[in-house]
Student: 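First the structure, then my questions, so here it is.
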Amino acid sequence: MSQLPTDIDDHLFSITEDLVQDMSLAPQSGVGLAASTKGLLSSDQIDQQLAFLNDLDVDSYVDYCVSPASAPNRISARQVIEQIASSVSDPVVQGPYYSAVIELDFGAEPRQIGVIAQDRSARNGVWLPEHHLQATRDVYG
């Protein structure tokens with residue numbers, strides 16, 4: 001198996017960093033991101049949640065945070081992705097491995113985003129080596 005050159009990794013990382021810095025989708029200055037983006041928490045809400053979590057004992061923390069994550073009836077990543085996307089194309093489903101190109105509505109123009117996820121509805125989301133290899137193929141083509 002051939003290895004991908006490190007310079008490709010570095011180049012892709014640089015491109016990603018540049019795109020992240022593109023604030024064209026962020027609200028205009030003076031307007032908080034949480035206030036203008038549905039589903040985001042304000043700083044005060046985050047601080048309140050942190051205080052709540054810090055006050056929990058270990059058993060309560062496990063009940064509140066850890067147990068729900070492993071609940072068998074928890075909605076799968078695939079279901080969440082399909083619910084939030086305007087459209088889903090090029091899905092790859094291999095047991096617990098799920099990837100797709102989704103389109104999200106950002107107002108003026110939709111954006112396509114590639115997603116790779118562990119689908120916990122299959123084998124509780126546990127990937128095998130072939131799933132990691134598929135992720136590499138999906139990312140690097």
Student: Can you sort out the partners of Y97 under ring pair (Phe, Tyr, Trp, His ring centres under 6.0 Å), two or more places apart, ordered by chain and number?
Tutor: W127
Student: A side-chain contact here means heavy atoms from C-beta on lying under 4.5 Å apart; do I75 and Q83 qualify?
Tutor: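 Side chain of I75 against side chain of Q83, heavy atoms only: contact under 4.5 Å found.
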Student: Please determine whether residues L56 and V66 belong to a single hydrophobic cluster, defined as Ile, Leu, Val, Met, Phe, Trp and Tyr linked transitively by side-chain heavy-atom distances below 4.5 Å.
Tutor: yes
Student: Do side-chain atoms of H131 reach the backbone of L128 as a donor and acceptor pair under 3.5 angstrom?
Tutor: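 Indeed, once roles are kept as given, a pair shorter than 3.5 Å links the two residues.
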Student: Do Q49 side-chain atoms and I46 backbone N/O form a donor-acceptor pair below 3.5 Å?
Tutor: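 No: the side chain of Q49 does not pair with the backbone of I46.
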Student: Could you give the distance from CZ (R120) to CD (Q79), rounded to the nearest 0.5 Å?
Tutor: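 Between atom CZ of R120 and atom CD of Q79 there are 13.5 Å.
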Student: Would you compute the distance between atom CZ of R74 and atom OG of S67 and round it to the nearest 0.5 angstrom?
Tutor: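 The CZ atom of R74 sits 12.0 Å away from the OG atom of S67.
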Student: Might you point out which heavy atoms bring V62 and P68 nearest each other, and give the distance in Å?
Tutor: O-CD, 4.2 Å
Student: Looking at residues at least two apart in the chain, or sitting in another chain, which of them share a ring pair (Phe, Tyr, Trp, His ring centres under 6.0 Å) with Y64?
Tutor: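 Per chain and number, Y64 pairs via ring pair (Phe, Tyr, Trp, His ring centres under 6.0 Å) with F52.
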Student: Go through the steps for S60 and D63 under the test side-chain hydrogen bond (donor to acceptor under 3.5 Å, both in side chains), then give the verdict.
Tutor: CA-CA 5 Å; S60 298; D63 289 343; 5.5 Å; no
Student: Quick check: closest heavy atoms across D57 and D59, and the distance to 0.1 Å?
Tutor: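 Scanning both residues completely, I find the closest heavy atoms to be OD1-N, 3.1 Å.
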Student: Under 4.5 Å between side-chain heavy atoms, counting indirect links through other Ile/Leu/Val/Met/Phe/Trp/Tyr residues: same cluster for V115 and V93 or not?
Tutor: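 Yes, because V115 and V93 connect within a single hydrophobic cluster, where side-chain heavy atoms sit under 4.5 Å apart.
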Student: In residues 98-108, what donor-acceptor pairs under 3.5 Å come from side-chain atoms, sequence neighbours left out?
Tutor:
residue: S99; atom: OG; partner: D138; partner atom: OD2; Å: 2.7
residue: D105; atom: OD1; partner: G107; partner atom: N; Å: 2.9

Student: Identify the heavy atoms of Q134 and Q94 that sit nearest to each other, and give their distance.
Tutor: OE1-NE2, 3.2 Å
Student: Are P96 and Q118 side-chain neighbours, meaning at least one heavy-atom pair lies under 4.5 Å?
Tutor: no
